[in-house]
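First comes the structure, then the notes that go with it.
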Amino acid sequence: MAQGKGVETTQTQRGAPSVFPEGQNGGTDLSSTYFHHKVPIPDDDSQMWFSFRKLWAFTGPGFLMSIAYLDPGNIESDLQSGAKAGFKLLWVLLGATIIGLLLQRLAARLGVVTGMHLAEVCNRQYPTVPRIVLWLMVELAIIGSDMQEVIGCAIAFNLLSSGRIPLWGGVLITIIDTFVFLFLDKYGLRKLEAFFGVLITIMAITFGYEYVMVRPDQGELLKGMFMPYCEGCGPVQLEQAVGIVGAVIMPHNIYLHSALVKSRQIDRSSKKELKEANKYFFIESTIALFLSFLINVFVVAVFAEAVYGRTNIEVHDICNATGILHLDLFPLNNETLQVDIYKGGVVLGCIFGPAALYIWAVGILAAGQSSTMTGTYSGQFVMEGFLNLRWSRFSRVLLTRSIAITPTLLVAIFQDVTHLTGMNDFLNVLQSMQVIYLFHLYLTGRVRSDGSACKSTNLNPSLMSTSQFNTNTQP
């Protein structure tokens with residue numbers, strides 16, 4: 001790959017202003033957490049508006065960010081939406097994804113222009129008390145998301161082993177493999193991004209397979225996606241709609257994306273490079289979130305077509321005829337079937353064969369493992385930014401995993417899978433409330449993507465007239 005145009009240390013040596021001077025926080029940049037080197041952007045002297053070589057160089061942060069739109073909490077929300085409302089809430093999923101893209105664009109622009117991520121900007125903008133309160137809220141969202149990821153992985157291990165691995169055993173396995181996967185970035189940033197790309201591909205193939213097998217009604221799907229109306233819906237569907245927003249727009253993901261974009265070499269004294277970086281990061285984020293939206297639609301459509309309107313006794317008879325185990329999950333009554341990640345996989349296995357069950361479990365495992373890793377990275381950035389505190393990844397994972405896994409493990413040991421998966425609905429609604437606060441944060445203008453929020457900080461008075469704080473630098 002061609003050499004880049006410069007890095008922040010080089011800019012400082014040339015005398016160009018740096019928004020985030022090296023050594024400001026303990027002598028090092030955030031490379032100790034996520035990236036050990038920055039990806040160079042190839043020179044392209046042509047006057048073309050678009051370059052695939054440059055898009056490839058900028059590709060990576062958006063796809064890591066999009067993992068949060070595909071975690072087990074999202075999958076749980078998707079299948080619940082399809083099972084409880086059919087195709088009627090697809091427009092909520094579409095709207096939430098579009099809003100998420102706008103927020104991710106703001107986050108990426110903030111990181112590109114200022115050289116700081118959102119948590120660092122909040123550290124400089126807010127007094128101590130509101131800053132600590134905001135940090136605690138974000139940590140709560142991260143822990144809630146972490147619990148969903150652990151639940152998803154534990155259920156996937158249980159399904160793949162045909163029940164031989166108990167739920168509490170899956171929780172313990174997830175603790176161990178998290179530490180293993182987190183050290184993959186030692187082999188290089190691009191290799192780590194490629195690994196996440198493989199996990200997204202696995203999810204697309206597995207859930208896409210289920211979609212093709214079920215063959216949902218395309219007319220109803222398009223109607224539910226583009227007609228913002230929910231005929232015959234009640235409190236159950238309303239709660240599900242709120243949960244969709246919380247599942248799709250992860251509050252901590254805003255902080256993560258604003259930090260990930262710092263992994264590219266950008267000369268922030270160049271107005272042209274800032275505009276170019278914002279353009280390509282937006283294109284990449286759009287592609288990544290479009291793929292995540294398709295995968296979410298696959299899951300909603302599968303359960304809307306296969307499960308919506310079915311009764312317990314109907315599914316019980318189907319499972320009994322095919323010889324699938326877990327008949328105890330379906331009572332002999334005519335009540336409407338209630339599904340979750342675990343029961344949903346069993347239902348797919350009963351209706352479409354054992355292969356559908358195992359393919360479903362593989363997709364859930366890929367979703368859980370990938371989101372576990374990005375959640376840990378976002379937690380590290382949040383802690384460093386808000387508190388100016390640097391912990392090793394091992395210490396950070398140990399703390400958050402202990403908080404998240406303790407209640408999850410207790411439920412897995414002393415309760416059944418219904419109680420374990422039932423936690424997801426509550427956690428999705430909780431994160432919806434976090435999203436509302438983030439909207440308030442942006443709308444009040446305290447943190448703006450054009451860097452103007454930093455004008456009142458004490459970073460460096462000489463920067464106030466430079467191009468990185470000019471709103472016209474944004475395309």
Side-chain angles (χ1 to χ4, degrees), residues 71-90 92-93 148 151-156 158-160 163 167 206-207 209-211 213-214 216 224 233-237 239-241 243-244 247 295-320 322 324-354 356-365 367-368 411 415-429:
D71 73 343
N74 277 278
I75 304 303
E76 171 83 15
S77 175
D78 292 337
L79 68 89
Q80 293 281 5
S81 173
K84 294 179 179 179
F87 300 97
K88 298 176 184 177
L89 294 179
L90 277 173
V92 179
L93 175 63
Q148 292 178 313
I151 291 170
C153 289
I155 291 174
N158 184 270
L159 289 173
L160 288 171
L167 292 173
T206 53
F207 296 133
Y209 171 84
E210 308 280 0
Y211 180 86
M213 178 175 289
V214 174
C233 293
V236 173
Q237 289 75 21
E239 179 185 356
Q240 191 57 46
I244 290 174
I295 294 173
N296 284 317
V297 169
F298 289 161
V299 178
V300 174
V302 164
F303 284 88
E305 187 70 28
V307 175
Y308 181 60
R310 290 185 182 269
T311 62
N312 286 318
I313 193 169
E314 182 181 356
V315 176
H316 182 279
D317 293 340
I318 295 174
C319 291
N320 188 41
T322 56
I324 296 290
L325 302 177
H326 312 292
L327 290 178
D328 57 307
L329 295 175
F330 312 106
L332 292 173
N333 57 49
N334 288 318
E335 294 181 3
T336 303
L337 177 67
Q338 302 291 327
V339 294
D340 47 46
I341 291 180
Y342 183 83
K343 192 183 293 186
V346 175
V347 171
L348 292 178
C350 292
I351 300 176
F352 303 104
L357 186 153
Y358 292 112
I359 291 173
W360 168 259
V362 169
I364 295 297
L365 183 62
V411 174
Q415 299 290 340
D416 55 21
V417 68
T418 303
H419 292 84
L420 191 64
T421 55
M423 297 170 65
N424 280 329
D425 291 333
F426 169 75
L427 293 171
N428 285 336
V429 174

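For reference, positions follow the sequence shown, starting with 1. Computed from a predicted model, the values in this text were never measured in an experiment.
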Can you measure from [atom1] ([X]) to [atom2] ([Y]) and round to the nearest 0.5 angstrom?
X	Y	atom1	atom2	answer
Phe303	Glu210	CZ	CD	7.5 Å
Asn320	Ile313	CG	CD1	11.0 Å
Ile155	Ile75	CD1	CD1	12.0 Å
Ile364	Cys153	CD1	SG	9.5 Å
Ser77	Asn296	OG	CG	8.0 Å
Ser81	Ile244	OG	CD1	4.0 Å

Heavy-atom closest contact ([X] atom, [Y] atom, distance):
X	Y	value
Val300	Gly86	CG1-O, 4.1 Å
Ala241	Val92	O-CG1, 3.8 Å
Lys84	Gln338	CE-OE1, 4.0 Å
Gly73	Ala247	O-CB, 3.9 Å
Ala356	Met213	CB-SD, 4.1 Å
Glu305	Pro216	OE1-CA, 3.5 Å

Residue from Asp317, Asn333, Asn334, Thr336 passing side-chain hydrogen bond (donor to acceptor under 3.5 Å, both in side chains) with Asn312:
Asn333
Determine, step by step, whether Thr311 and Phe330 satisfy the side-chain contact (heavy atoms from CB on, under 4.5 Å) criterion, reporting the C-alpha distance in whole Å, the side-chain angles of both residues, the deciding distance to 0.1 Å, and the verdict.
CA-CA 9 Å; Thr311 62; Phe330 312 106; over 6 Å; no
For the pair Tyr358 and Leu160, evaluate side-chain contact (heavy atoms from CB on, under 4.5 Å) and give the outcome as yes or no after the intermediate values.
CA-CA 6 Å; Tyr358 292 112; Leu160 288 171; 4.2 Å; yes
Within the side chain of [X], is there an N or O that forms a donor-acceptor pair under 3.5 Å with the backbone of [Y]?
X	Y	result
Trp360	Val346	no
Gln237	Gly234	yes
Glu76	Asp340	no

Under 3.5 Å, is there a donor-acceptor pair between the Asn74 and Asp71 side chains?
yes
Please list, chain by chain and in numerical order, all residues satisfying ring pair (Phe, Tyr, Trp, His ring centres under 6.0 Å) with Tyr308, sequence neighbours excluded.
none
Val339 and side chain to side chain contact (heavy atoms under 4.5 Å, CB included): which partner among Leu79, Val315, Leu348?
Leu79
In sequence, state the C-alpha distance, the side-chain angles, and the governing distance for Phe352 and Val214, and then conclude on side-chain contact (heavy atoms from CB on, under 4.5 Å).
CA-CA 8 Å; Phe352 303 104; Val214 174; 3.5 Å; yes
Apply side chain to side chain donor-acceptor pair (under 3.5 Å) to Asn158 and list each qualifying residue two or more places apart in sequence or on a separate chain.
Tyr342
